[in-house]
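Worksheet for the structure shown next.
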Amino acid sequence: MENIGQFLPLILIFVVAYFFMIRPQMKRQKDEKKFTAELKKGDRIITKSGLHGKIMELNDKDSSCVIETMAGKLKFDRSAISMEMSKKLSAPAKK
């Protein structure tokens, strides 16, 4: 029984790390995967580098998309699209 008492703080550290670090990261990855899977033609998006555009084509073979911007059409990987910024763009403006 004394051995369990010695490992209790270490076990608590792992439990806290799981709930505050690992689990939220796994949830975020799951949400990003769902977001990229639900993209469709005509969606207005922002890439992680800050490029604004509208999706013109989606390619499932290489997981890419063609984005129309003011500079022309550019091909990007779907993982380059920012979920947070794109959702803010499509959210209704608050007054």
Rounding to 0.5 Å, atoms NZ (K75) and CD (E57) come to a distance of 9.0 Å

Counterpart residues, side-chain contact (heavy atoms from CB on, under 4.5 Å), relative to K54 (two or more places apart): M56, E68

Close side-chain approach of I55 to L39, heavy-atom, < 4.5 Å: yes

Validation row: N59, V66 side chains within 4.5 angstrom (heavy atoms): no

Are L8 and L10 connected, step by step, through hydrophobic side chains (Ile, Leu, Val, Met, Phe, Trp, Tyr) whose heavy atoms are closer than 4.5 Å? no

Pairwise side-chain contact, F35 with S86, heavy-atom cut-off 4.5 Å (strictly under): yes

For S79, is there any backbone N or O sitting under 3.5 Å from a side-chain donor or acceptor partner on K48? yes

Going by salt bridge (Lys or Arg N to Asp or Glu O under 4.0 Å), name the pairs with one or both residues in residues 14-31, residues two or more places apart or in two chains. K27-D31, R28-E32, R28-E84

Residues at least two apart in sequence or cross-chain that pass side chain to side chain donor-acceptor pair (under 3.5 Å) with S82, listed by chain then number, are none

Does any part of the side chain of L51, heavy atoms only, come nearer than 4.5 Å to the side chain of T69, both counted from C-beta? yes

Roughly how far, to the nearest 0.5 Å, is SG of C65 from CG of D77? 8.0 Å

Just by distance, do the side chain of S63 and the backbone of D60 share a donor-acceptor pair under 3.5 Å? no

Stepwise, does the side chain to side chain contact (heavy atoms under 4.5 Å, CB included) test hold for I67 with I45? CA-CA 9 Å; I67 300 171; I45 53 99; 3.4 Å; yes

Does the pair F76 and L74 meet the rule for a side chain to side chain contact (heavy atoms under 4.5 Å, CB included), with working shown? CA-CA 6 Å; F76 277 92; L74 301 169; 3.7 Å; yes

Assigning hydrophobic clusters by single linkage (Ile, Leu, Val, Met, Phe, Trp, Tyr; side-chain heavy-atom cutoff under 4.5 Å), is Y18 placed with V15? yes

Please name the pair of heavy atoms, one in S64 and one in R78, separated by the smallest distance, quoted to 0.1 Å. O-NE, 3.8 Å

Is it true that I13 and M21 fall in one hydrophobic cluster, defined by side-chain heavy atoms closer than 4.5 Å? no

For M85 and T47, which heavy atoms make the closest approach, and how far apart are they? CE-O, 3.8 Å

I'd like to know if I46 and L58 are part of one continuous hydrophobic network [Ile/Leu/Val/Met/Phe/Trp/Tyr, side-chain heavy atoms within less than 4.5 Å]. no

